Amino acid sequence: VAGILAMNRLAVRAAKISTVGERAIQEWFVRPLFGDPPAQEILYTDLVRVVAGTFDVESAMAKRLQPRTSSSNGTSPAKAQVTIERVSGTQMVLEVRAPDAPGLLYKTASCIAREGVEVAGAKISTLGVDTVDVFFVKAAGGAELSESSARSLVKALESELALLRDGAPVTLE
């Protein structure tokens, strides 16, 4: 969903995502980057194509997201931060704080999925030019996420964020 919204030039201001059984319940708060928002039919068609496997969001996003030129004022962007903390026996809280960028949420969610980690819920917030995205994560099948898997997830996200920023590595804490 995040990829489709980004492809249609919609900025995610906030989102609430939770799972109930095998279903994800998602509520997205978006605004167009410019102009009028796309018709709901366009978003629906794109989502159906993704679910059917006839639309490759990853390739489409790669074409859409061009490296941005560096800021002309010489200031560097805020450092991205990825942290993870255990909150119960089976669930951990993953927090990603980063300068907002087109496709950031899509890249973050895709990286989490590639690592084989399940998201039980999420709270997505864009605060001015920065994002604070919180994911409640666990291992596939609902099992406890091991400490080594948690460290691997953080490293993968740090690498993903480094690639997203201006096409060059960024400093991560």
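Note that the numbering runs from 1 along the sequence shown for the chain. No experiment lies behind these values; they were computed from the predicted model shown.
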J.: Do Tyr106 and Phe55 sit in the same hydrophobic cluster, where Ile, Leu, Val, Met, Phe, Trp and Tyr count as joined when their side-chain heavy atoms come under 4.5 Å apart?
T.: yes
J.: On a heavy-atom basis, which atom in Lys138 and which in Ala143 lie closest, and how many Å separate them?
T.: CB-O, 3.6 Å
J.: Drop me the distance from Glu147's CD to Arg86's CZ, to the nearest 0.5 angstrom.
T.: 5.0 Å
J.: Answer yes or no: does atom CD of Glu58 have more than 12 heavy-atom neighbours from other residues, nucleotides or ligands under 6.0 Å?
T.: yes
J.: For residues Ala11 and Leu33, report the shortest heavy-atom separation together with the two atoms involved.
T.: CB-CD2, 3.6 Å
J.: Do you reckon Leu47 sits in the same ILVMFWY cluster as Leu5, going by side-chain contacts under 4.5 Å, direct or chained?
T.: yes
J.: Where do Val137 and Ile84 come nearest, in terms of heavy atoms and distance?
T.: CG2-CD1, 4.2 Å
J.: What I'd like to find out is whether the side chain of Lys16 reaches to under 4.5 Å of the side chain of Lys123, using heavy atoms alone.
T.: yes
J.: In terms of heavy-atom contacts, does OH of Tyr44 have more than 12 from other residues, nucleotides or ligands at under 6.0 Å?
T.: no
J.: Working to the nearest 0.5 angstrom, can you tell me the gap between Leu153 CG and Ile112 CD1?
T.: 6.0 Å
J.: If every non-hydrogen atom of Pro38 is compared with every non-hydrogen atom of Leu10, which pair is closest and at what distance?
T.: CD-CD2, 3.8 Å
J.: Checking Leu105 against Trp28 for the side-chain contact (heavy atoms from CB on, under 4.5 Å) test, could you report, in this order, the C-alpha distance in whole Å, the side-chain angles of both residues, the deciding distance, and whether it holds?
T.: CA-CA 12 Å; Leu105 181 56; Trp28 296 83; 3.4 Å; yes
J.: Under 4.5 Å between any side-chain heavy atoms of Gln91 and Glu118, yes or no?
T.: no
J.: In terms of hydrophobic clustering (I, L, V, M, F, W, Y; side-chain heavy atoms under 4.5 Å; direct or indirect links), are Leu145 and Val154 co-clustered?
T.: yes
J.: Can you tell if the side chain of Asp130 reaches within under 4.5 Å of the side chain of Arg97, non-hydrogen atoms only?
T.: no
J.: Is it the case that the side chain of Ser125 and the backbone of Ala14 share a donor-acceptor pair, with hydrogens and angles ignored and the cut-off at 3.5 Å?
T.: no
J.: Answer yes or no: is there a side-chain heavy-atom contact under 4.5 Å between Thr108 and Phe135?
T.: yes
J.: To the nearest 0.5 Å, tell me how far Arg13 CZ sits from Thr131 OG1.
T.: 10.5 Å
J.: For the CZ atom of Arg151 and the OG atom of Ser148, what is their distance to the nearest 0.5 Å?
T.: 6.0 Å
J.: Under 4.5 Å between any side-chain heavy atoms of Leu104 and Leu161, yes or no?
T.: yes
J.: Less than 4.5 Å apart, side chain to side chain, heavy atoms only: is that true for Gln26 and Val1?
T.: yes
J.: Are the side chains of Val93 and Val134 in touch, meaning some heavy atoms are under 4.5 Å apart?
T.: yes
J.: Looking only at heavy atoms, which two atoms of Ala122 and Phe136 are closest? And how far apart?
T.: N-CD1, 4.1 Å
J.: Can you check whether Ile124 reaches Asp133 side chain to side chain, under 4.5 Å on heavy atoms?
T.: yes
J.: Can a salt bridge be assigned to the pair Lys155 and Glu160 using a cut-off of 4.0 Å between side-chain N and carboxylate O?
T.: no
J.: If I take atom CZ from residue Arg114 and atom CG from residue Leu157, how far apart are they, to the nearest 0.5 angstrom?
T.: 9.0 Å
J.: Could you pull out the closest heavy-atom pair between Val50 and Ile4, with the gap in Å?
T.: CG2-CD1, 3.6 Å
